[in-house]
Amino acid sequence: MSICWFARYPGETTKIGVSCNNILKNSFMPNRGKIGLPPGSLIFTGEKKTEDTHLKLIQYNESIYNAQRFSNAMPDIGLDPSYVTWLDVRGLHDVVLIEEVGRFFKIHPLALEDVLDTSQRPKFDEYDNGIFLIIRSLDFDESELEIETEQVGIFVGEHFAVSFQERAEDLFAPIELRLAGSSGKIRKRGSDYLAYALIDNMVDNYLVTLEKIEKQVDNLEEVIMANPESRTKGRIHELRLATLTMRKAVYPLREAINRFTDSDHKVKSEETDIFLRDLYDHTIQVMDMIETYRDMINGLYDLYLSEISFKMNNVMQVLTIISTIFIPLSFLAGVYGMNFQHMPELQYKYGYFVLWAIMITVAGGLMVFFRKKKWL
Amino acid sequence: MSICWFARYPGETTKIGVSCNNILKNSFMPNRGKIGLPPGSLIFTGEKKTEDTHLKLIQYNESIYNAQRFSNAMPDIGLDPSYVTWLDVRGLHDVVLIEEVGRFFKIHPLALEDVLDTSQRPKFDEYDNGIFLIIRSLDFDESELEIETEQVGIFVGEHFAVSFQERAEDLFAPIELRLAGSSGKIRKRGSDYLAYALIDNMVDNYLVTLEKIEKQVDNLEEVIMANPESRTKGRIHELRLATLTMRKAVYPLREAINRFTDSDHKVKSEETDIFLRDLYDHTIQVMDMIETYRDMINGLYDLYLSEISFKMNNVMQVLTIISTIFIPLSFLAGVYGMNFQHMPELQYKYGYFVLWAIMITVAGGLMVFFRKKKWL
Amino acid sequence: MSICWFARYPGETTKIGVSCNNILKNSFMPNRGKIGLPPGSLIFTGEKKTEDTHLKLIQYNESIYNAQRFSNAMPDIGLDPSYVTWLDVRGLHDVVLIEEVGRFFKIHPLALEDVLDTSQRPKFDEYDNGIFLIIRSLDFDESELEIETEQVGIFVGEHFAVSFQERAEDLFAPIELRLAGSSGKIRKRGSDYLAYALIDNMVDNYLVTLEKIEKQVDNLEEVIMANPESRTKGRIHELRLATLTMRKAVYPLREAINRFTDSDHKVKSEETDIFLRDLYDHTIQVMDMIETYRDMINGLYDLYLSEISFKMNNVMQVLTIISTIFIPLSFLAGVYGMNFQHMPELQYKYGYFVLWAIMITVAGGLMVFFRKKKWL
Amino acid sequence: MSICWFARYPGETTKIGVSCNNILKNSFMPNRGKIGLPPGSLIFTGEKKTEDTHLKLIQYNESIYNAQRFSNAMPDIGLDPSYVTWLDVRGLHDVVLIEEVGRFFKIHPLALEDVLDTSQRPKFDEYDNGIFLIIRSLDFDESELEIETEQVGIFVGEHFAVSFQERAEDLFAPIELRLAGSSGKIRKRGSDYLAYALIDNMVDNYLVTLEKIEKQVDNLEEVIMANPESRTKGRIHELRLATLTMRKAVYPLREAINRFTDSDHKVKSEETDIFLRDLYDHTIQVMDMIETYRDMINGLYDLYLSEISFKMNNVMQVLTIISTIFIPLSFLAGVYGMNFQHMPELQYKYGYFVLWAIMITVAGGLMVFFRKKKWL
Amino acid sequence: MSICWFARYPGETTKIGVSCNNILKNSFMPNRGKIGLPPGSLIFTGEKKTEDTHLKLIQYNESIYNAQRFSNAMPDIGLDPSYVTWLDVRGLHDVVLIEEVGRFFKIHPLALEDVLDTSQRPKFDEYDNGIFLIIRSLDFDESELEIETEQVGIFVGEHFAVSFQERAEDLFAPIELRLAGSSGKIRKRGSDYLAYALIDNMVDNYLVTLEKIEKQVDNLEEVIMANPESRTKGRIHELRLATLTMRKAVYPLREAINRFTDSDHKVKSEETDIFLRDLYDHTIQVMDMIETYRDMINGLYDLYLSEISFKMNNVMQVLTIISTIFIPLSFLAGVYGMNFQHMPELQYKYGYFVLWAIMITVAGGLMVFFRKKKWL
Ligand SMILES: [Mg+2]
Ligand SMILES: [Mg+2]
Ligand SMILES: [Mg+2]
Ligand SMILES: [Mg+2]
Ligand SMILES: [Mg+2]
Ligand SMILES: [Mg+2]
Ligand SMILES: [Mg+2]
Ligand SMILES: [Mg+2]
Ligand SMILES: [Mg+2]
Ligand SMILES: [Mg+2]
Ligand SMILES: [Mg+2]
Ligand SMILES: [Mg+2]
Ligand SMILES: [Mg+2]
Ligand SMILES: [Mg+2]
Ligand SMILES: [Mg+2]
Ligand SMILES: [Mg+2]
Ligand SMILES: [Mg+2]
Ligand SMILES: [Mg+2]
Ligand SMILES: [Mg+2]
Ligand SMILES: [Mg+2]
Ligand SMILES: [Mg+2]
Ligand SMILES: [Mg+2]
Ligand SMILES: [Mg+2]
Ligand SMILES: [Mg+2]
Ligand SMILES: [Mg+2]
Ligand SMILES: [Mg+2]
Ligand SMILES: [Mg+2]
Ligand SMILES: [Mg+2]
Ligand SMILES: [Mg+2]
Ligand SMILES: [Mg+2]
Ligand SMILES: [Mg+2]
């Protein structure tokens, strides 16, 4: 069951932290939490995946690196233009806390609303004091053949970046590692480069996801070529849905990165452009591969159908050959099994042998006929 | 039967309120009411869904809130730039009344014509004294698997908005609730924000409709995987039509909202833009989901076809195995059931047992053959 | 057989009125009349549908209305900027007469050539002294399931409009009626508004045509759901072709109306723009519906195929059940119908009853097996 | 076998006229003559279709008309701005001669290379001293159901035009005829109008080709509706390929004509524009028809498949009815053909007649069942 | 197994040459080498195809031509604006060497990263000191029906060009040949023309690859028309994948060449434009052919399916004819093989002959019925 919290934002009215079921009941809304609510209403629409809300605070510049962890409470943050502040929030169900984070960093209510509505498409928005990005992580569950997707929201201000996600697992570990390392480009650059690095990290992960899909596609091809089983058609279907899901997450991302690159917002330095273009390249490449897998899976479906048709044709040929040969012979045997008193052939001494000769001739003739039809 | 009224508009000639059948007869028109009529001719082309015409008048500003209801008659309205006037008209069949509303708010005859022609696509038009929007409500009938759609027309002037629809149910209840609440952004803003709120409310409802469709799609997937029934193919067909209908209503809406956002008409304040962009986002998201469901339903169709093919293949294999094993054996039995006087095998003491041995060998050999072919 | 006349136009050389067969022979043209001929060559390429050529001359302004009919001869027309002159020409096979009309109104030879080549796509062309439009009327023959299409050419000068078509039926009757009526917008406006009214009238007729198609589509859906017949697949095919034909006529019309709206030619007043935009809306709506019917018909084809597959699957199951149960039993009966002298079971007193018991057991077991496979 | 000549162009080095096999061998090229060769290398890549190279020289202005024919040698041509010079070259295998022509008219090596590489797509190129067009002639072989296509290259200078093609047949006869005629627009106009006339002539021919295809499509529709034969599926396939080939030739032509119309090269006079637009119209119309035939052929494929499915369903029903009725009856007959010593029914006096009654009842019941299932 | 080296670039940190497995382990990366690494990290992601790294150094101008070969070490290169320096690197697994090359020519780390990541799509990038291109070579393995593709990276500076690829085979032999030749355009031109010549050479090779595919498509068409075999469906599938792979390599190349042509980077002279446009033409032509083959292969799939359906229909007809004729006759024979004591027909003298007459009549009647149904 989806846990659901509600809070009106300062620009609107009072904050409340009650179960949203009540609100829904009061507002006469069918079953989706937000119909008729004012824009900027904060409601977490996703599935609660972690018990606590973890906040990781990393502050760095070329010479400083400082990392801290907090749980379930907004830490006391000092913002200073001389270093970059990155707050990584894991766990979105505590709406009041999220709202506190939003208030501290002056994140626009509409952006905060999008952070909590975890079924957003990737996008890039500009606000006065920063830029806001939605990206989706993608993982492929190889046993269920299903894509698991998680929404990540990143708000980038002039000397800070805030990333939001529900899952507690460490999606951004490699970035932390690079930050912790004493040198490297990333420590010399601003919050926009950090945002780039976070997205790049997620797009790199897409390639791993695609490799898992490719493995399944190759495997499926082999199975279909050898002997399609009952599960095969279901697997084709699942893989199709998986590429569909990936496509939905990656297509809008291309547009978002494009708009990021073209943006002349004050938080984005021009030096980041060349990296964003590289990132754009990778996104295009991911899209290309998704399209290729889609085409391949459609090809597999056609292959499956023709395999089944071909096999059925073979089965029918066997049945037809056997029936066509033996049904007439059985008829003849039936005829001479009749009990009429006057059946001259039965008295004929060699009747039985003549009949065998006839039957063998008929069978042989039919086999020649089938061989000519290429059925044998 | 569709009720049909006719009224020439002031710019044109006299008003009349007779059944349109007569007019149609006089004008030699085949069977659709409006062929050859001058533009701006007011004819209600929809289905009458409510007996009376209800008008709800709401006037508000940051401090005032006043709501009144009227039936079948145009109320005496005072328009004042210090507050926003919203007239919500439910019931379109009383063309004379609609015309009166139009005349009071100076709604252009072409806009009024579109209000009454209830099969319009969503659109955004600009007139000198206001903007005009067509949106369609969408609901999904889960038993019939059919989309129910209703046209809503909204005319927005500088200090007023008029909404038109045929159905009497309270589509806009959540908005009234927010207006009635003493505070909140909506009371501080103008008629353009009200229009935004009305459309946003309808687009939020689309998500509920989509969830109903998703439930059916998931359900169908399970049925096909388990055991496709006779109704299955019809259900796939109905769901396809449903997504088709939704698509027809949502695609042009995106364009309309886009033009609303870009418009520099005097009734639209710039502060509404950020909300319209959020609304645009949601529309794109709805379109995305519709496309996804379409792809999923097409996938289900392919799955259904392959399921049927696979099943038929299995049926054929069973038939072929049984026939191929027993038809030759029956032939042999038939041979030794013949009544020839000279059949040496019949006299042979162990003939019967030898034959059984032969028959079991043949059957066993065929079964080995089928196992090798992976039919067993 | 297509009647075919030929006339070189003044800008070119002499006029001739002989059968085009001769010309074709002289020019070594394969079988389509116009290969290698200079542009502007006047040849009627359509089918002769009326015996005579009828010309209807209507002249009007706000106070005057005057209508006259002529046959097979160009009337003596006075053109006067104080009123609008509309010449409606029905019958295109008399090329010399058409040429005379063209010369009087100074219609460019390329436009006149397009009038007579009745397989043109809808389009909008600008000439120095006027604008030229091609539109196609569309009707649906409900017994043949075929679209009947007729080309209409309209040339609009500053105070006149000339419409050309081959059929004598009164496509434009509603417009005449409105002109004849003493009041109404149309009499106050110019030739461009008249052209708008003529096209609007034709587009309104498209909706009637679409309704006829929709009726057939609905009907077909019912038939397929109930019991597909031999004719069904042919009907799907015919309906597909019908939407194809409509599409070919409507898609380019959208573009033509768009160019009409954007045109700044002197014959077009700006006041007509709002009506052209309304007309454009309707054309888009027609296109929308055509696309919807196409999708529906494709859906019906899929439904038909799955219906046939499902039915065949059922047929096969019945066959397989019967065969699988009785073929082994018949084999057993065959075995005990053999005439071997030594068959111990035959002497056994209860042999016959034991065999019945075995046979009933086998049959019952198979039925349980089929029920488990959901074939029964 | 393709004849293949090679000549380096003046801008490059020496001319040679040896078989290109040697060159290919020296250059280590697999099997396509031009890999790694410098651009502008002249190699005829087509099939030699005529023994000699024929050159037809026509020079004309409003008062002069002069035509001459030459074989296998470049004639002595005087170029004079007071008249238009048209050299029509038929036969491209004599690369040295082609090169001479190119040098005389100062045709750019890249253009000349395209003339000889006869698998080019239609295109329009501008060079300093002229414009260059590639068009493809299209004919439909009604017995093979295949498109025959020939490449035509046209280079247009200020007072001259050169057309190149391999086939000796008189594709341009109608244009010569019009030029030879003492009057007509064409003699008054320049080389650009001549180029227009040549292309228009070829596009007019496309309509004849399309008519031949339409005839086959109609014919195929009838065959499928009546009784699909073994050849039918192959014919559908061939027609599909034919439309594919036409499409490949016509789509880029549209673009080429468009660029011709928009060009402001000195060889193109503005007066030609209106004719080019007319030509563009016709090309669009041809494309439209090709798309329509493609859709129709796809429709025929679907019709064919459903016809086969429907027929197979009928065949299966017949088989199932017969089998289902007689297999149980045969079983009963088999039972009473057994030779058990104790079978009470056999002694019963009316046993035989009772059995007949039972069998007729069973058969009748099954027929009622089949009639209810609509199989009979 | 893919060999994998790693080196941080000067702009980043230290160089290391250890197996990348360790790095991957340290970085917690799943299985693709580059997740979370900083941009510009040099890792060879391809398959090692050659043991050593070969470097071919060619330096030329109109009068000078000098070629040298080196292995596994960066040669001592003198760069001089008076001649063009071309370094052709074959073998990418020695990342340290590649990095040295990159440092000498000042190739941007992001470009060098793309050189080593051998699964890039074709593209064109501009850097301050040069332009960078990725192209893919394509070959078709006719026994496996698979495309073999190799990535080639070309970095073009003002007086030099560096080409990178993994394979040691001599893809660029024809270009060397032309350079070695004492004359010819190529020696007079700059590094941009060299880059053009290299790409042109690769695109020319695409045509050879396409011819191999065409041969397979034609061959497949014949097989399907004659008698589809078990392998046929797999071959259709493989060919589809092959065109898919080609498409992925050629589509982005078109865009890359376009951007090359439009570029105003200092390394590109305007004189190269006309050749790039010719190259663009060829790329379009290759794309056209790929699309055509795709359509043809899809056509073959349809043909295959209809062939199988048609054949199955024939098989079913044979089975049905035989069964329908003999099953009733066998029933009759079975009836008169029963052992009832009272069966009057058996005593009737001509019973046996009458039965034969009945059976022949029934069989004849059924054959007439089948002939009428066109099954015979
Ligand atoms: Mg809302
Ligand atoms: Mg969610
Ligand atoms: Mg990356
Ligand atoms: Mg699943
Ligand atoms: Mg890169
Ligand atoms: Mg299909
Ligand atoms: Mg109208
Ligand atoms: Mg309606
Ligand atoms: Mg909303
Ligand atoms: Mg699922
Ligand atoms: Mg329904
Ligand atoms: Mg319905
Ligand atoms: Mg939002
Ligand atoms: Mg012509
Ligand atoms: Mg016609
Ligand atoms: Mg209209
Ligand atoms: Mg028809
Ligand atoms: Mg309207
Ligand atoms: Mg070349
Ligand atoms: Mg060729
Ligand atoms: Mg023409
Ligand atoms: Mg027809
Ligand atoms: Mg052929
Ligand atoms: Mg024309
Ligand atoms: Mg990275
Ligand atoms: Mg690779
Ligand atoms: Mg393979
Ligand atoms: Mg080339
Ligand atoms: Mg062929
Ligand atoms: Mg493979
Ligand atoms: Mg070329």
Side-chain angles (χ1 to χ4, degrees), chain A residues 170 173-175 177-178 181 183-186 196-197 200-201 204-205 207-208 211 221 225 274-275 277-279 281 284-285 288 291-292 295-296 299-300 302-303 305-307 309-310 312-313 316-317 319-320 323-324 327-328 330-331 333-335 337-344 373-375, chain E residues 11-13 27-32 34-40 108 110 114 119-121 123 125 227-228 230 233-234 236-237 240-241 244-245 248 252 301 304-305 308-309 311-312 315-316 318-319 322-323 326-327 329-330 333-334 336-339 343 345-352 355:
Chain A
D170 234 354
I175 305 299
L177 218 87
R178 272 166 62 197
S183 58
K185 214 177 265 154
I186 194 166
Y196 150 74
D200 177 62
N201 188 53
D204 286 357
N205 267 308
L207 293 171
V208 183
E211 257 172 33
E221 188 183 344
M225 288 288 199
I274 199 167
F275 298 101
R277 271 198 288 275
D278 191 61
L279 177 57
D281 270 14
I284 296 281
Q285 193 172 336
D288 237 52
E291 286 314 306
T292 303
D295 284 344
M296 284 171 79
L300 287 184
D302 285 350
L303 189 63
L305 271 197
S306 42
E307 192 69 45
S309 286
F310 191 83
M312 184 133 64
N313 203 18
M316 292 308 305
Q317 285 184 9
L319 176 61
T320 304
S323 301
T324 307
I327 286 178
S330 288
F331 163 69
V335 163
M338 293 193 298
N339 299 318
F340 283 100
Q341 290 190 339
H342 302 277
M343 288 177 69
K373 282 218 159 188
K374 297 243 170 83
W375 294 6
Chain E
E12 199 68 27
T13 11
S27 313
F28 306 105
M29 280 166 294
N31 64 7
R32 189 163 175 109
K34 299 188 58 177
I35 296 166
L37 288 188
H108 193 284
L110 283 172
D114 288 343
S119 58
Q120 300 283 314
R121 345 163 53 230
K123 66 171 180 170
D125 280 337
N227 192 36
S230 175
K233 54 200 173 307
I236 293 172
H237 183 64
R240 244 186 203 167
L241 294 187
L244 209 58
T245 308
K248 255 174 69 186
Y301 174 72
Y304 175 82
L305 271 196
I308 294 286
S309 287
K311 219 173 146 186
M312 184 134 64
V315 170
M316 292 307 306
V318 168
L319 176 61
I322 295 291
S323 301
F326 284 102
I327 285 177
L329 302 186
S330 289
Y336 294 104
M338 293 193 296
N339 300 318
M343 288 178 69
E345 298 96 323
L346 297 181
Q347 268 67 43
Y348 175 50
K349 203 180 174 188
Y350 302 110
Y352 177 56
L355 184 65

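Naming: A, B, ... by sequence-line order, numbering from 1 per chain. Scope of the values below: all heavy atoms of this structure, side chains included, with no hydrogens, waters or symmetry mates. Please read these numbers as outputs of a predicted model, since none were measured by experiment.
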Original post:
Top residue by heavy-atom pair count (under 4.5 Å) with chain E, among A:A333, A:A197, A:P328?
Top reply: A:P328
Original post:
What's the shortest heavy-atom distance between E:N227 and A:K374, and which atoms?
Top reply: ND2-CD, 3.4 Å
Subject >> chain E contact via A:E307 - side chain, backbone, both or neither, heavy atoms under 4.5 Å >> reply: both
Subject >> A:S306 side chain near E:L305 side chain, heavy-atom distance below 4.5 Å >> reply: yes
Original post:
With the threshold set at 4.0 Å, does a side-chain nitrogen-carboxylate oxygen contact exist between E:K123 and A:D281?
Top reply: yes
Original post:
So which heavy atom on A:D302 is nearest to which on E:Y301, and how close?
Top reply: O-OH, 3.0 Å
Subject >> Side chains of A:F310 and E:K233 in contact at under 4.5 Å (non-hydrogen atoms) >> reply: yes
Original post:
Is it the side chain or the backbone of E:I308 that comes within 4.5 Å of chain A heavy atoms, both, or neither?
Top reply: both
Subject >> For E:S330 against A:I327, the heavy-atom pair lying closest together >> reply: OG-O, 4.4 Å
Original post:
How long is the span from the CD1 atom in E:I322 to the OG1 atom in A:T320, to the nearest 0.5 Å?
Top reply: 10.0 Å
Original post:
Within a strict 4.5 Å, meaning less than it, do heavy atoms of the E:H237 and A:L300 side chains meet?
Top reply: yes
Original post:
E:G334, E:S323, E:S230: which one forms the most heavy-atom pairs within less than 4.5 Å of chain A?
Top reply: E:S230
Original post:
How far does CZ of E:R121 sit from CG of A:D288, to the nearest 0.5 angstrom?
Top reply: 4.0 Å
Subject >> Atom of A:M316, atom of E:V315 and distance for their closest heavy-atom approach >> reply: O-CG1, 3.7 Å
Original post:
Quick one: do A:R277 and E:D125 make a salt bridge, cutoff under 4.0 Å?
Top reply: no
**OP:** Show your working on side-chain contact (heavy atoms from CB on, under 4.5 Å) between E:K248 and A:E291 and close with a plain yes or no.
**Re:** CA-CA 10 Å; E:K248 255 174 69 186; A:E291 286 314 306; over 6 Å; no
**OP:** List in chain and number order the residues that pass salt bridge (charged side-chain N to carboxylate O under 4.0 Å, His left out) with E:E345, two or more places apart in sequence or in another chain; answer none if no residue qualifies.
**Re:** none
Original post:
Heavy-atom distance under 4.5 Å to chain A: side chain of E:S309, backbone, both or neither?
Top reply: neither
**OP:** Identify the two heavy atoms, one from E:L244 and one from A:T292, that lie closest to each other, and give their separation to 0.1 Å.
**Re:** CD2-O, 3.8 Å
Subject >> Heavy-atom proximity to chain A below 4.5 Å, by part of E:I236 >> reply: neither
Subject >> Considering all heavy atoms, the nearest E:P39-A:K185 contact >> reply: O-NZ, 4.3 Å
Original post:
So, the side chain of E:Q347 versus the backbone of A:F340: is there a donor-acceptor pair under 3.5 Å, distance only?
Top reply: no
Subject >> E:K349 NZ to A:Q341 CD distance, which is reported to the nearest 0.5 Å >> reply: 11.5 Å
Original post:
In terms of heavy-atom proximity below 4.5 Å to chain A, should E:M343 be classed as side chain, backbone, both, or neither?
Top reply: neither
**OP:** Return yes if some donor-acceptor pair links the side-chain N/O of A:N339 with the main-chain N/O of E:M338 below 3.5 Å, else return no.
**Re:** yes
